[in-house]
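To keep things clear, I will list the structure first and then write my remarks on it.
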Amino acid sequence: MTDRTLRLQEILLEWGTTHRRQLPWRENRHPYHILVAETMLTQTQVGRVTRYYQDFLSRFPTPFVLAESSAPEVLESWVGLGYNRRALRLRQCAQVLVEEHDGLVPDVQETLRSLPGVGAYTANAILAQAFNKDVSAVDTNARRVLVRAFVGQPMTQVALQIRADSLVPHGRSWEWTQAIFDLGALICRVKPSCDRCPLAADCLFDGHGLDPYIPPRRQSTFAGSRRQYRGQIVRALAQGVQDKEELRRHTGLDADSFNSIYQELKNEGFFGTTETAPPGASNPSTSTLGGCTGTSHGTQHHMDSAAINYTEVYSVED
DNA sequence: AACCCGGGGGA
DNA sequence: TCCCCAGGGTT
């Protein structure tokens, strides 16, 4: 690592401790809590998630509770957040955790990625924030900071991930993750505030032209869109409506148009009746389903004390 | 690679 | 109206 890189790393860590946003999902490092937070945060702003996060965890405090819930119950705690299929995948994820992992969130990347709704980013976000592994969670914010300040040139996704992992200060991935997120969200935004940036002196970004290429997620007009009708159906489901014809009336659609969306929702588990195991996990030979002692379900208890210790350590550093 | 998913805030 | 957002899954 070059001297410049080391300076950036040190400055960013220091800045992170003094400018860290206080967010509900930063109060502890329970893997299940991190999983829920990261799922809610996919393509959804922090300000919106804060209004849902704690209520959701109060209602579904462990994978065991979530796995036993019904789809409409989960939707009731989700509608308004958007991307409602995330809620169904999270529920399916909890079922896999219970059936195959004793209700614990795995700490192995490949295992994490095999879970419904967990991709490369979320897997790394859990490893870095819940298990303190030296891996980098490269989201859209982190990508800007990394490419602009550290790399200084276009780079493929795979290469950037390798580079990003190499920049994680050993054993400090939690605070490193928060520091990068906070800088990306507060300073190194799409339209950056370089005049307020602590990294400006060593940054490779000249203010224009170096942004990583991110393909636009164009979304067609919402009014009258399939999205809108889907949303109407999901809201009705969350309110307990089950009758198919009544659901159709909530949209005002003709039978064919409605059926198209209805079938899609059904396939995605919005009715909770199809307990189809996700692809790749279809082996029903659950090993130790009855072997649990039944004492500490849903709490990765070995993490609880660690979370408290870390919190104390970091609050002293300020 | 392109497309799908919700919704709201802001320019 | 268009862009943006702690992405993931399917085709």
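Residue numbering restarts at 1 for every chain, and letters A, B, ... go by the order of the sequence lines.
Taking Ile, Leu, Val, Met, Phe, Trp and Tyr as hydrophobic and joining them when side-chain heavy atoms fall under 4.5 Å apart, one finds A:Val158 in a cluster with A:Ile162.
Contact between the side-chain N/O atoms of A:Arg144 and the OP1/OP2 oxygens of C:dC5 is found at a separation under 4.0 Å. The shortest distance between the side-chain N/O atoms of A:Arg227 and the OP1/OP2 oxygens of B:dC5 is below 4.0 Å. Considering only side-chain N and O atoms, A:Thr122 lies nowhere under 4.0 angstrom from the phosphate OP1 or OP2 of C:dA6.
A:Arg86 places its CZ atom 10 Å from the C1' atom of C:dG8, with the value rounded to the nearest Å. C:dA6 atom P lies 17 Å from atom CG of A:Asn124, rounded to whole Å. In this structure, A:Gln157 atom CD and B:dA1 atom P are separated by 10 Å, rounded to whole Å. When the P atom of C:dT11 is taken as reference, atom CG of A:Asn267 falls 10 Å away, rounded to whole Å. In this structure, A:Arg189 places its CZ atom 17 Å from C1' of C:dA6, rounding to the nearest Å. Separating the CD atom of A:Gln263 from the P atom of B:dC5 is a distance of 16 Å, rounded to the nearest angstrom.
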5'-to-3' dot-bracket of DNA chain B (Watson-Crick, G-U; under 3.5 angstrom; crossing pairs as [ ]; | other strand): |||||.|||||
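Between A:Arg86 and A:Glu268, none of the side-chain N atoms (NZ, or NE/NH1/NH2) sits under 4.0 Å from a carboxylate O, so this pair counts as no salt bridge. Between A:Glu175 and A:Arg172 a salt bridge is recorded (basic side-chain N to carboxylate O distance below 4.0 Å). With respect to the salt-bridge test (charged N to carboxylate O, under 4.0 angstrom), the residues A:Arg7 and A:Asp202 qualify.
What you find for A:Met40 and A:Leu81 is that their closest heavy atoms are CG-CD1, 3.8 Å.
Closest to the side chain of A:Arg89, from the set B:dG8, C:dG9, B:dC5, is C:dG9. If you check C:dG7, B:dC5, B:dG7 against the side chain of A:Asp139, the one that comes closest is C:dG7.
Checking A:Arg227 against A:Gln219 by side-chain atom types alone, a donor-acceptor pair falls below 3.5 Å.
Between A:Tyr121 and A:Phe181, the two ring planes are tilted [angle within 30° to 60°].
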